[in-house]
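A short write-up of the structure that comes next.
For the numbers below, each heavy atom of this structure counts, side chains included, while hydrogens, waters and symmetry mates do not. These numbers were taken from a predicted model, which means no experiment stands behind them.
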Amino acid sequence: MKSTITLVLLVITSVMMRAQQSCETAVQAYSGLNNGIEMVAMNGPAPTNCMFLNGDEHFTWYYFIAPEDTGYVITSDLEMNVGLDTRIGVYSGECGSLTCVGFDDDSGAGYLSTVTITAEAGEVYFIVFDDYWGGAAVATPLMFDISEVEPQAPVGNVITFVTTPITGLTGSECIVDMNGDFLDDVVSTSGDQLTIFYQQEDGTFLNQTYNAGPVMNTPSWSIAAGDLDNNGYNDLLYGGGGGASFIWANEDGTGYHETHDDNYIFSQRTNMVDINNDGLLDGFVCHDIDANVFYINNGDGTMTHNQGGLGEWGGNYGSVWIDYDNDCDMDMFIAKCGSDNIDQLHRNNGDGTFTSVGAEAGIADPTQSWSSAWADYDNDGDMDVFIGASSMGSGGHKLYENNGDGTFTNITEGSGFDAQDGVNIENMPGDFNNDGWVDVLGAGSMFMINNGDMTFSPSICPFYLGPCGDLNNDGYLDFISGSTAYINNLEGNNYITINTVGTESNKNGIGARITVTSALGNQIRDVRSAEAFSPMQSLNAHFGLGTDTEIEVIRVCWPSGIEDVIYNPEINTALTIVEGSSPSKVEESAKTGFVVYPNPANDHIRIDSELGLNNSDVVIYDMTGKLVQSGKLNLLTYDVSELSRGMYVVAIQKNGETFRTTFSKQ
């Protein structure tokens, strides 16, 4: 247990059951033991930047004026509270403009909570309790203690943000491109209603509301996205407390409808992934109290329910699909909690079956966790994993390094994660400062900044983790928390964003492994639908490049097995890669000599070939896979004057064979 020094001899502050339900009417708390009250109807706005909210919670507000420049422990982990379930959020600032200082849920005994803050003398800190987990604290006045401890080392703000309210947004757990322009949009759901805030090229948003109802299962636990029918518009998978619903976009993205079955699922994390590698995305749903569920896509707008084989029993919380063994197919890891809390790793056998290998891999961890963050943290070409504790009762945070042979080594000690005792349910990887090393958002609402040597340093996160993407198309990762956009305020480092378009594989390229090689070395990303616990993040693969000014090569290994190789791409831009379109994988050989010139082109392209391609059919696609022109070669020349500036795929068809390559139009 923590060592505390009580500033004042035991002070018991009894307060009236009123005037305590909003920031403006918070009641003062003091060092020592505080005697709380029952929670009544919420009065005033809920705090949103520390806590995950359902919308119908009740809150008890206090304020504390720090007597000294030192550390303070605020805890409900007291003998008289055994059996209660508490969450604590601590804020600084003024009512209406609060910043999260600390948050905890369940790090104490049972479901009790503890927060440690470093305070400044004379500053006001708001302490907020809620009844999110069913109201145990409603019926019983909650006791809590405030005690002095040694101050923690100062934590800076390496990642800074500009806050921008999005007009009309009432909350979102989803950032993803919904209309096929590769700009990240914001999705908000409410009952049967689906509102999409479409990102414009100038960084503004235009919103449109659709009725997808009747919707049987709302995304009360999680949401995932992907193009289930390969029509160019992303669909959604809702994970609810009683089942799962699929929300399908129509052929032009102007409407949505719902499908579901009657199977009971206490849904936790949902994902979309091509489980049987047939070019169609399937749905996966973690089940809290039974074997996990997956839905195989039939390709006709229907999904076939399956249960078992991908995580038995209960306690299945945070699933993430990753390629941990570098064989270019997607494996699956489940962060476990509750009745069966041993984490699971399922290896893809390449034939539509999976083998549970967590124990032999060395990551069958018993720590209770709701999610994990997978990334190549040391840029050595394989996926490592951070498993964030949701309760310290069965162990703390863990960092595992991939040994490259199917096993992992626990390297938590000295990594920086061992010094973090704050817990939360959301853990997400991302290069949040674009320095070329993947960071982690988790470990108690902290940005853990990658130092490049498998150690991490904390940076305060000013909001409760929500969905992540690029909301102003500047190459830096941003967030939504509540109704506010947190726009990453950093600049200076280089980047590239990769948009994947499958042809043989699923349209999104979910499951593709992307490798970017620059002076920094090799960076890898897997294209994933949904990570952390509840939100859906961008499907665009984001790479920070630090001060590197060029990329040597980009390689994409698609779920189909096709590999594309792009040499010397432009940086600080978004690059769309269509499966099978790069010169290295064009259906050509040395004898064909299939070359397009000039490249970049102006009004015409010429084809240099030994195949006698004159008068052959020509088809041209843009980099989203959309057909934009078709015609015939005339004297091995083709008119492209009507095309807009950009990259294109040209396909030439002769005697049943198709030859492809790319070119750019000036």
Side-chain angles (χ1 to χ4, degrees), residues 158-159 182 184 322-324 326 328 373-384 401-402 404 428-440 447-457 468-470 473-478 488 490-501 509 512-528 537-558 562-579 581-585 599-600 623 646-647 662 664:
V158 177
I159 314 296
F182 297 112
D184 285 326
I322 39 84
D323 180 10
Y324 85 94
N326 287 357
C328 208
W374 285 77
D376 184 6
Y377 295 116
D378 51 2
N379 285 351
D380 69 346
D382 49 38
M383 289 290 174
D384 313 300
E401 183 177 14
N402 193 325
M428 179 182 292
D431 187 355
F432 302 115
N433 59 358
N434 278 3
D435 67 349
W437 299 93
V438 179
D439 313 303
V440 175
F447 286 106
M448 297 298 290
I449 305 302
N450 191 334
N451 299 317
D453 58 0
M454 289 301 267
T455 68
F456 296 77
S457 299
C468 178
D470 188 351
N473 202 30
D474 69 346
Y476 281 83
L477 293 173
D478 312 306
N488 196 319
L490 300 183
E491 58 183 17
N493 282 336
N494 295 317
Y495 72 93
I496 191 166
T497 301
I498 308 296
N499 309 317
T500 50
V501 178
R513 163 63 61 84
I514 305 171
T515 304
V516 170
T517 302
S518 69
L520 275 167
N522 295 323
Q523 297 186 58
I524 62 174
R525 303 286 189 273
D526 294 330
V527 182
R528 307 169 187 164
Q537 81 296 335
S538 172
L539 286 169
N540 304 331
H542 168 267
F543 293 81
L545 299 173
T547 59
D548 287 0
T549 57
E550 62 180 24
I551 294 172
E552 297 170 22
V553 63
I554 297 174
R555 300 179 184 274
V556 183
C557 181
W558 299 85
I562 292 174
E563 184 180 27
D564 280 296
V565 182
I566 310 295
Y567 293 97
N568 305 121
E570 184 180 353
I571 66 170
N572 294 332
T573 190
L575 173 65
T576 300
I577 301 177
V578 177
E579 183 178 11
S581 65
S582 72
S584 63
K585 297 305 292 183
N599 192 3
M623 297 309 282
M647 289 288 296
T662 58
S664 63

| note | Output for pair (Ile562 CD1, Ser581 OG), nearest 0.5 Å, gives 10.0 Å
| Does a side-chain heavy-atom distance below 4.5 Å link Asn572 with Tyr495? | yes
| task | Can you spot which of Asn434, Asp470, Asp431 makes a side-chain hydrogen bond (donor to acceptor under 3.5 Å, both in side chains) with His542? | result | Asn434
| Backbone of Ile159 reached by a side-chain donor or acceptor of Asn433 within 3.5 Å | no
| query | Can any side-chain N or O of Asn499 pair as donor or acceptor with the backbone N or O of Ala574 at less than 3.5 Å? | reply | no
| request: For residues Phe543 and Ile514, determine if any side-chain heavy atom of one lies less than 4.5 Å from a side-chain heavy atom of the other. | output: yes
| query | Any side-chain heavy-atom pair from Asn402 and Asp380 closer than 4.5 angstrom? | reply | no
| Donor-acceptor pair, side chain of Asn379 and main chain of Gly436, under 3.5 angstrom | yes
What pairs of donor and acceptor atoms, side-chain ones from residues 447-456 against any protein atom, are under 3.5 angstrom apart with sequence neighbours left out?
residue	atom	partner	partner atom	Å
Asn450	OD1	Gly452	N	2.7
Asn450	ND2	Tyr377	O	2.9
Asn450	ND2	Val438	O	2.8
Asn451	OD1	Ser457	OG	3.4
Asn451	ND2	Thr455	O	3.2
Asn451	ND2	Thr455	OG1	2.9
Asn451	ND2	Ser457	OG	3.2
Asp453	OD1	Thr455	N	3.1
Asp453	OD1	Thr455	OG1	2.5

| request: Rounded to the nearest 0.5 Å, what's the gap from OG1 on Thr517 to CG on Asn522? Could you check? | output: 3.5 Å
| query | Are any non-hydrogen side-chain atoms of Asp548 and Asn494 less than 4.5 angstrom apart? | reply | no
| request: Would you give the length of the straight line joining atom CG of Asp526 to atom CG of Asp376, rounded to the nearest 0.5 angstrom? | output: 10.0 Å
| Pairwise distance CZ(Arg525) to CE(Met383) - rounded to 0.5 angstrom | 7.5 Å
| said: Check whether Asn488 reaches the backbone of Phe432 with its side chain - one donor and one acceptor, N or O, closer than 3.5 Å. | reply: yes
| query | Is any side-chain heavy atom of Glu579 less than 4.5 Å from a side-chain heavy atom of Val556? | reply | no
| So do the side chains of Asp184 and Asp478 get within less than 4.5 Å of each other, counting heavy atoms only? | no
| message | Is there a side-chain contact between Ile498 and Asn540 in this structure, where contact means two heavy atoms from C-beta onward sitting under 4.5 Å apart? | response | no
| With no hydrogens and no angle check, is any side-chain donor or acceptor of Gln537 less than 3.5 Å from a backbone partner on Arg528? | yes
| field | Nearest atoms (heavy-atom pairs only) where Ser538 meets Gly469 | value | CB-CA, 3.9 Å
| For Leu477 and Gly430, which heavy atoms make the closest approach, and how far apart are they? | CD1-CA, 4.2 Å
| Taking only residues two or more places apart in sequence, or in another chain, which ones meet Trp558 in a ring-ring contact (aromatic ring centres under 6.0 Å, His included)? | none
| request: Calculate, to the nearest 0.5 Å, the distance between atoms SG and CG belonging to Cys557 and Asn326 respectively. | output: 9.5 Å
| query | What is the distance from atom CZ of Arg513 to atom CG of Asp323, rounded to the nearest 0.5 Å? | reply | 4.5 Å
| note | Ile571 and Thr549 have their tightest heavy-atom pair at CD1-O, 3.4 Å
